[in-house]
Number of protein chains: 2
Amino acid sequence: MIDPVELYADDPTSCPVAAAVGAFSGKWKPIILHLLAQDELHFANICRALPKASKKVLTEQLRELENDGIVVRRPTNENRPRVFYSLSRTGKELAPIMLSLYKWQKDRSQKEMSDAA
Amino acid sequence: MIDPVELYADDPTSCPVAAAVGAFSGKWKPIILHLLAQDELHFANICRALPKASKKVLTEQLRELENDGIVVRRPTNENRPRVFYSLSRTGKELAPIMLSLYKWQKDRSQKEMSDAA
DNA sequence: CGGTATCCGATATGATACTG
DNA sequence: CAGTATCATATCGGATACCG
């Protein structure tokens, strides 16, 4: 089912799992995806929700997510120009995987607590 | 089910999904996990399987995986000292998640191909 | 409003040599 | 065998200021 190790030994970034992980590794990406899972938002909303992140960094992370086909960027033609961001179909397919990651993490931090006791 | 955004807005690394992703982001970690999913291996085996990675980097990544409770380090007391690495229980629980990531990635690279056509 | 431009420090990865 | 030490480079994230 999964390809043999030798295929990736020369270039580990070619491993599909690594590529998938790379697609949402970035300091603000998981929380951006979490935000967009609930609503389509315009840029200023995202900035306000994440005041600790600079516009530059948010722009970068959004661009990367867009280039990876995970979010969709939609500028409007209003008087007050706005740019909306939302999850693509591919982005929405990430939701159950993120939920598994969430559960796995909760589980193991639980175990750490009981180990320490 | 999942915590609200405000909980992580100040420190995005506290988001469980980000923490989970962090646990296996590292250039060689996915492929190391893939290797160990099949066998318990000693350090030299891992080095031989991944000749492009320096011992220093492999040691670092293995130590991080160990500190995260994902792999188990087992030194032996033989004449020729060896150190075995294997997946912990928590590490094995990652397998189905990695499979989902694998499928998700294959899916979307498929779509890219057909989009380009 | 939705960005860019510039500069900077921190972290990640790597090449190489050495050690018990 | 299984590392550690040292040094170099690259990418990432951030502060700040400016722009159409």
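What you see below is based on every heavy atom in this structure, not just the backbone, and it leaves out hydrogens, waters and symmetry mates. Chain letters run A, B, ... following the sequence lines, proteins first, then strands; residues in each count from 1.
For the pair A:K27 and D:dG14, the criterion of a side-chain N or O lying under 4.0 Å from OP1 or OP2 is met. One finds no side-chain N or O of B:R73 lying less than 4.0 angstrom from the OP1 or OP2 phosphate oxygen of D:dA2. For C:dG3, the OP1/OP2 oxygens have no side-chain nitrogen or oxygen of A:R82 closer than 4.0 Å. Distances shorter than 4.0 Å separate none of the side-chain N or O atoms of B:Y85 from OP1 or OP2 on D:dC1. Checking the phosphate oxygens (OP1, OP2) of C:dT4, a side-chain nitrogen or oxygen of A:R63 falls inside 4.0 Å. Put simply, B:R74 has no side-chain N or O that comes within less than 4.0 Å of OP1 or OP2 on D:dA2.
For the pair B:L58 CG and D:dT4 P, the interatomic distance rounds to 12 Å; values are reported in whole Å. A straight line from CD of B:E60 to P of C:dT11 spans 14 Å, rounded to a whole angstrom. The separation between A:D10 atom CG and C:dG14 atom P is 13 Å, rounded to whole Å. Distance A:F24 CZ to D:dC12 C1': 19 Å, rounded to the nearest Å. Taking atom CG on A:N45 and atom P on C:dG3, their separation rounds to 13 Å, with Å as the unit. Distance, B:E64 CD to D:dG3 P: 14 Å, rounded to whole Å. Nucleotide D:dT4 holds its C1' atom 15 Å from the CG atom of B:L62, rounded to whole Å. Residue A:I46 contributes atom CD1, which lies 9 Å from atom P of C:dG2 at whole-angstrom precision.
Ring-plane geometry between A:W104 and B:F24 is classed as perpendicular, the angle between the planes exceeding 60 degrees on a 0 to 90 degree scale with a lower cut at 30. Below 30°, between 30° and 60°, or above 60°: for A:F84 and A:H42 the angle between ring planes is above 60°, a perpendicular geometry.
Judged by distance alone, with hydrogens and angles left aside, B:K56 brings a side-chain donor or acceptor within reach of the base of C:dG14, the pair sitting under 3.5 Å.
Salt-bridge formation is detected for the pair A:E64/A:K29: a Lys NZ or Arg NE/NH1/NH2 atom is positioned less than 4.0 Å from an Asp or Glu carboxylate oxygen. Under 4.0 Å is where a charged nitrogen must lie from a carboxylate oxygen, and between A:D3 and B:K106 at least one such pair does.
Counting any heavy atom pair closer than 4.0 Å across all strands shown, A:K55 reaches a base atom. If you check every strand for non-hydrogen atoms under 4.0 Å, A:V57 touches a base. Contact annotation for A:F84: no contact, since no heavy-atom pair falls under 4.0 Å across all strands. Here A:Q61 lies in heavy-atom contact (under 4.0 Å) with sugar-phosphate atoms only.
Along DNA chain D, the nucleotide nearest A:W28 and the nucleotide nearest B:A44 are compared for position; the residue whose nucleotide lies closer to the 5' end is B:A44.
To the nearest 0.5 Å, the span separating CD on A:Q61 from CD on A:E66 amounts to 14.0 Å.
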